[in-house]
A.B. asks: 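Here it is, the structure, as structure tokens.
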Amino acid sequence: MLENRPLILWDLDGTILDASLGILPALEEAFQNRGFAVPEAPVLRRFIGPQILDSLALYTDIPVEYHHEILGEFKMVTYPRHYKNAQLYPGMLELHTELQELGALQGIASQKPEHLVIDVLKSYGLEHLFDVVSGSADDFEQINSHLPRDKPGILRRALSMATSKADVSSSVMVGDRAFDAEAAVSASIPFIGVNWGYASEGELEQFKCPVAADVQELRTLLLTFIQDICSPSVSG
């Protein structure tokens with residue numbers, strides 16, 4: 001029988017990692033290099049998290065025949081120059097370490113292409129803290145083409161991967177965007193939001209979920225989640 005362990009699934013960009021420091025300048029250059037106007041800052045920030053092809057379709061009026069051209073410029077030219085500017089949010093490394101020491105399983109559920117998720121975790125020395133990694137297919141390089149692209153599919157895959165390691169009937173998703181919350185709802189698991197990411201004002205409030213104002217508040221919420229699972233039931 002598999003051990004019952006709490007599972008905490010994490011979004012990456014905007015939740016663990018401030019990727020805007022690398023993604024935003026790379027996007028600006030990609031648009032400019034291909035001769036397109038750079039979207040206004042609030043619009044450009046919406047690109048962080050979802051697939052870039054999806055964001056180009058949703059947030060710009062650029063003809064679809066140019067979308068792969070912009071994506072290629074970003075992936076092959078501009079992002080490699082800027083991605084190392086991303087930074088871990090203060091306190092996240094310590095929180096992940098503490099949760100691991102308390103016996104929680106941790107996983108990544110990110111719409112970033114899976115091979116890039118793994119590269120990022122390795123570059124920040126985080127890979128040993130995560131038991132499962134579920135990312136997306138890569139639209140440009142056709143890597144891992146069998147993987148899901150949508151956040152609900154990515155989250156369901158992470159849950160499936162975790163079930164081979166433990167009884168994860170008690171799981172929670174942590175993220176910064178509505179996409180993360182919607183994925184949690186689709187998987188019938190609770191969601192905890194963070195307000196230091198890339199959500200628009202009021203984006204998470206519709207889900208009636210707790211939203212942590214800082215890492216310490218998130219720690220409190222997650223420790224309560226773990227304690228509720230690990231504490232023995234009290235009979236009257």
Side-chain angles (χ1 to χ4, degrees), residues 6-24 45-52 54-55 83 86-93 95-96 99-100 104-124 126-127 129-138 147-162 168 171-200 203-207 209-215 217-219 221-222 225:
L7 172 65
I8 303 169
L9 292 170
W10 297 84
D11 174 55
L12 182 60
D13 293 348
T15 303
I16 297 172
L17 187 73
D18 185 358
S20 66
L21 302 173
I23 291 175
L24 294 181
R45 287 180 66 84
R46 295 184 182 181
F47 278 69
I48 304 174
Q51 293 272 1
I52 288 178
D54 294 341
S55 296
Y83 81 94
Q87 297 178 0
L88 286 174
Y89 288 110
M92 291 306 299
L93 175 59
L95 177 57
H96 289 303
L99 293 169
Q100 184 187 63
L105 285 176
Q106 297 185 86
I108 297 290
S110 170
Q111 278 190 282
K112 187 187 290 290
E114 185 163 289
H115 65 101
L116 294 181
V117 174
I118 293 170
D119 287 347
V120 167
L121 294 178
K122 288 180 178 178
S123 68
Y124 289 91
L126 299 174
E127 71 274 16
L129 296 171
F130 295 96
D131 302 276
V132 297
V133 174
S134 180
S136 75
D138 190 317
L147 298 182
R149 295 179 70 259
D150 63 300
K151 197 62 178 262
I154 290 166
L155 177 56
R156 286 193 298 271
R157 177 169 173 261
L159 288 165
S160 177
M161 294 166 70
V168 293
S171 308
V172 65
M173 176 72 192
V174 181
D176 69 307
R177 298 293 310 275
F179 305 102
D180 305 314
E182 289 165 353
V185 170
S186 75
S188 299
I189 66 172
F191 175 75
I192 297 174
V194 301
N195 74 352
W196 53 79
Y198 311 125
S200 303
E203 182 174 324
L204 296 179
E205 279 72 4
Q206 60 182 304
F207 298 98
C209 60
V211 179
D214 52 40
V215 173
E217 187 173 342
L218 177 60
R219 175 181 179 272
L221 290 168
L222 290 174
F225 167 73

A.B. asks: Do Leu9 and Ile108 come within less than 4.5 Å of each other through their side chains, counting heavy atoms only?
C.D. replies: no
A.B. asks: Do you know the tightest heavy-atom contact between His96 and Leu129?
C.D. replies: CB-CD1, 3.7 Å
A.B. asks: Supply the atom-to-atom distance Ile118 CD1 to Ser123 OG, rounded to the nearest 0.5 angstrom.
C.D. replies: 12.0 Å
A.B. asks: Should Pro152 and Glu182 count as side-chain neighbours, where that means a heavy-atom distance under 4.5 Å?
C.D. replies: no
A.B. asks: Closer than 3.5 angstrom, by distance alone: can the side chain of Gln87 be matched with the main-chain N or O of Leu17 as a donor-acceptor pair?
C.D. replies: no
A.B. asks: Within the side chain of Trp10, is there an N or O that forms a donor-acceptor pair under 3.5 Å with the backbone of Ile16?
C.D. replies: no
A.B. asks: Can you list everything that forms a side-chain contact (heavy atoms from CB on, under 4.5 Å) with Phe191? Sequence neighbours excluded, please.
C.D. replies: Met173, Asp180, Ala181, Ala184, Leu204, Cys209
A.B. asks: Under 3.5 Å, is there a donor-acceptor pair between the side chain of Ser160 and the main chain of Arg157?
C.D. replies: no
A.B. asks: Got a second to check how far Ser200's OG is from Arg45's CZ, nearest 0.5 Å?
C.D. replies: 9.0 Å
A.B. asks: Please check if the side chain of Lys151 supplies one atom and the backbone of Ala109 the other of a donor-acceptor pair under 3.5 Å.
C.D. replies: yes
A.B. asks: Can you sort out the partners of Asp18 under salt bridge (Lys or Arg N to Asp or Glu O under 4.0 Å), two or more places apart, ordered by chain and number?
C.D. replies: none
A.B. asks: If you round to the nearest 0.5 Å, how far is CG of Leu95 from CG of Leu88?
C.D. replies: 11.5 Å
A.B. asks: Any donor-acceptor pair under 3.5 Å linking the side chain of Arg46 with the backbone of Ala199?
C.D. replies: no
A.B. asks: Run the numbers on Lys112 and Asp13 for side chain to side chain contact (heavy atoms under 4.5 Å, CB included), then give the verdict.
C.D. replies: CA-CA 8 Å; Lys112 187 187 290 290; Asp13 293 348; 3.0 Å; yes
A.B. asks: Just to verify, what does Tyr83 make a ring-ring contact (aromatic ring centres under 6.0 Å, His included) with, not counting sequence neighbours?
C.D. replies: Tyr79
A.B. asks: How close do Ala86 and Tyr124 get, heavy atom to heavy atom, and via which atoms?
C.D. replies: O-OH, 2.5 Å
A.B. asks: Can you find a pair of side-chain heavy atoms, one from Leu155 and one from Ile189, that are under 4.5 Å apart?
C.D. replies: yes
A.B. asks: Output yes when a side-chain donor or acceptor of Ser171 lies under 3.5 Å from a complementary backbone atom of Val168, and no otherwise.
C.D. replies: yes
A.B. asks: Please examine the side chains of Leu99 and Leu222, heavy atoms only from C-beta on, and report whether any two atoms are closer than 4.5 Å.
C.D. replies: yes
A.B. asks: If we only count heavy atoms from C-beta on, is the Asp54 to Arg149 side-chain gap below 4.5 Å?
C.D. replies: yes
A.B. asks: Indicate yes or no for a side-chain donor-acceptor contact from Asp138 to the backbone of Pro113 under 3.5 Å, with no hydrogens or angles considered.
C.D. replies: no
A.B. asks: What verdict does the side chain to side chain contact (heavy atoms under 4.5 Å, CB included) test give for Leu105 and Val132, after you've listed the backbone C-alpha separation in whole Å, the side-chain angles of each residue and the deciding distance to 0.1 Å?
C.D. replies: CA-CA 8 Å; Leu105 285 176; Val132 297; over 6 Å; no
A.B. asks: Is any NZ, NE, NH1 or NH2 atom of the basic residue among Arg177 and Glu203 found under 4.0 Å from an Asp or Glu carboxylate oxygen of the other?
C.D. replies: yes
A.B. asks: With a 4.5 Å cut-off on side-chain heavy atoms, are Ile192 and Leu218 touching?
C.D. replies: yes
A.B. asks: With no hydrogens and no angle check, do the side chains of Gln51 and Ser136 hold a donor and an acceptor under 3.5 Å apart?
C.D. replies: yes
A.B. asks: Between OG of Ser134 and CD1 of Ile154, what distance do you get to the nearest 0.5 Å?
C.D. replies: 6.0 Å
A.B. asks: What are the two closest heavy atoms between Asp214 and Trp196, and how far apart are they?
C.D. replies: C-CZ3, 3.2 Å
A.B. asks: Determine the minimum heavy-atom distance between Pro50 and Gln111, stating which atoms define it.
C.D. replies: CA-OE1, 3.6 Å
A.B. asks: List the atom of Val172, the atom of Phe225, and the distance in Å for their closest heavy-atom pair.
C.D. replies: CG1-CE2, 3.6 Å
A.B. asks: Please find the pair of heavy atoms, one from Asp176 and one from Gly14, that lie closest to each other, and give the distance.
C.D. replies: CB-O, 3.4 Å
A.B. asks: Treating Glu217 as the side-chain partner and Ala212 as the backbone partner, does any N or O pair qualify as donor plus acceptor under 3.5 Å?
C.D. replies: no
